[in-house]
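First up is the structure itself, then whatever we jot down about it.
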Number of protein chains: 2
Amino acid sequence: MLDDDAARLQARGYRLTGPRRVIIAALRDAGRYCTASQLYERLRGRSVGLASVYRTLELLADLGLAERRAEAGGEGSFLYCSPRHHHHVVCTGCGTVREIDACPGDDLARAVERETDFRIDRHKLDFYGVCAGCRTTG
Amino acid sequence: MLDDDAARLQARGYRLTGPRRVIIAALRDAGRYCTASQLYERLRGRSVGLASVYRTLELLADLGLAERRAEAGGEGSFLYCSPRHHHHVVCTGCGTVREIDACPGDDLARAVERETDFRIDRHKLDFYGVCAGCRTTG
DNA sequence: AGTCGCATTGACATCGATTCTCAATACGCA
DNA sequence: TGCGTATTGAGAATCGATGTCAATGCGACT
Ligand SMILES: [Zn+2]
Ligand SMILES: [Zn+2]
Ligand SMILES: [Zn+2]
Ligand SMILES: [Zn+2]
């Protein structure tokens, strides 16, 4: 877990507890979307309760340090997100997610404002494709 | 419900039933993300079962005619999507969603390919802001 | 380092959204 | 119009997610 994440927690008055450290580190290291039960399994033996996994994921989503996604048939899953503005590239083969800096920027947002008469505040952009590893393997 | 949607269903061998027509029309007309129970309420008296609402939403998502979203604390919700490539503008005030043509295009996708060594197939882009109505009202 | 207040935790109970089951129905086709 | 089968509605069943609560441990202040 990075100091930056710790700072974010404490800046909002949350305590930096053992379970939180471990859960956040696990989500970070996963480098992909994880469900609560997946993280819970990965942390067996570290005495972390499933409820705490749910609570911490919820907290991270609230702090902007994680992004929630809808699964097709079942559980929700979370992806660790660094605090800066960024977008994602998702490998449809292995599930790996990488943060990227490429961004359509304000120009496109302004074009959208003209087209719709909305005032645009933010945007979300994800790319889907196949990573180098999956191309050679598969 | 549009003929285009009907054609998509039947092209995959699905039957064009009464409940499906009604549910799809309701989702289309909503112009926003809807939960299964919201649609079910809206269709009271039309003898459409909740299970059929769930099944039809799932089917639409599968056909690419609806997009699923994760809600914070509770139910999943679905948004009707036309078949062509497009993106969304979501009003954070009233929930209205509009489809737009603005798109970062292949240039950005190629930049991402160079940056990551992924082969990019598709992307998803949403803008969030406040619509004209919500600006004057609120 | 020691003390104290209270946020946080783990285990389990509970809730509720989604899926399953199955006999009855109604599409699509000849 | 008649048949075969996908689909439906209602209720049961599932299980992901949240609530409860006594025990714990973080962190602030000595
Ligand atoms: Zn891959
Ligand atoms: Zn951006
Ligand atoms: Zn609005
Ligand atoms: Zn696009």
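Lettering follows sequence order; numbering is per chain, from 1. Worth saying up front: this structure is predicted, and the values here are computed from it rather than measured.
- When only modelled atom types and interatomic distance are considered, A/R122 and B/Y128 share no side-chain donor-acceptor pair under 3.5 Å.
- Counting only distance, with no hydrogens or angles, the side chain of B/T56 and the backbone of B/V53 share no donor-acceptor pair below 3.5 Å.
- Here the side chain of A/E58 is nearest to one of C/dT8, D/dG9, D/dT18, namely D/dT18.
- Separating the CG atom of A/L59 from the C1' atom of D/dA17 is a distance of 16 Å, rounded to the nearest angstrom.
- In this structure, B/T35 reaches neither bases nor backbone, as no heavy-atom distance under 4.0 Å exists between it and the strands shown.
- Remark: P of D/dT18 and CD of B/E75 are 13 Å apart, rounded to the nearest angstrom.
- Contact annotation: B/T17 reaches the phosphate of D/dT8 (side-chain N/O to OP1 or OP2, under 4.0 Å).
- Within the model, atoms CD of B/E115 and CG of B/L108 stand 9.5 Å from one another, a figure rounded to the nearest 0.5 Å.
- Counting to the nearest Å, the P atom of D/dC26 and the CG atom of A/L9 are 14 Å from each other.
- A donor-acceptor pair under 3.5 Å is absent between the side-chain atoms of B/T35 and the main chain of B/G76, judged by distance alone.
- Between the C1' atom of C/dA7 and the CZ atom of A/R21 lies a distance of 15 Å, rounded to the nearest Å.
- The phosphate of C/dA7 has neither OP1 nor OP2 within less than 4.0 Å of any side-chain N or O from A/R20.
- Atom CG of A/L43 is separated from atom P of C/dG10 by 10 Å (rounded to the nearest Å).
- Shortest non-hydrogen contact noted between A/A132 and B/D117 is CB-OD2, 3.2 Å.
- Between the P atom of D/dC3 and the CZ atom of B/R15 lies a distance of 16 Å, rounded to the nearest Å.
- When the P atom of C/dA17 is taken as reference, atom CG of B/L39 falls 14 Å away, rounded to whole Å.
- Between B/Y54 and B/Q10, the residue whose closest nucleotide on DNA chain C is further toward the 5' end is B/Y54.
- Residue A/S37 is classed as having no contact, given no heavy-atom separation below 4.0 Å to the nucleic acid.
- Residue A/Y40 contributes atom OH, which lies 15 Å from atom P of D/dA17 at whole-angstrom precision.
- The base of D/dG9 is paired with the side chain of B/R55 by a donor and an acceptor separated by under 3.5 Å.
- Side-chain atoms of B/A51 lie closest to D/dG11 of the nucleotides D/dG19, D/dT8, D/dG11.
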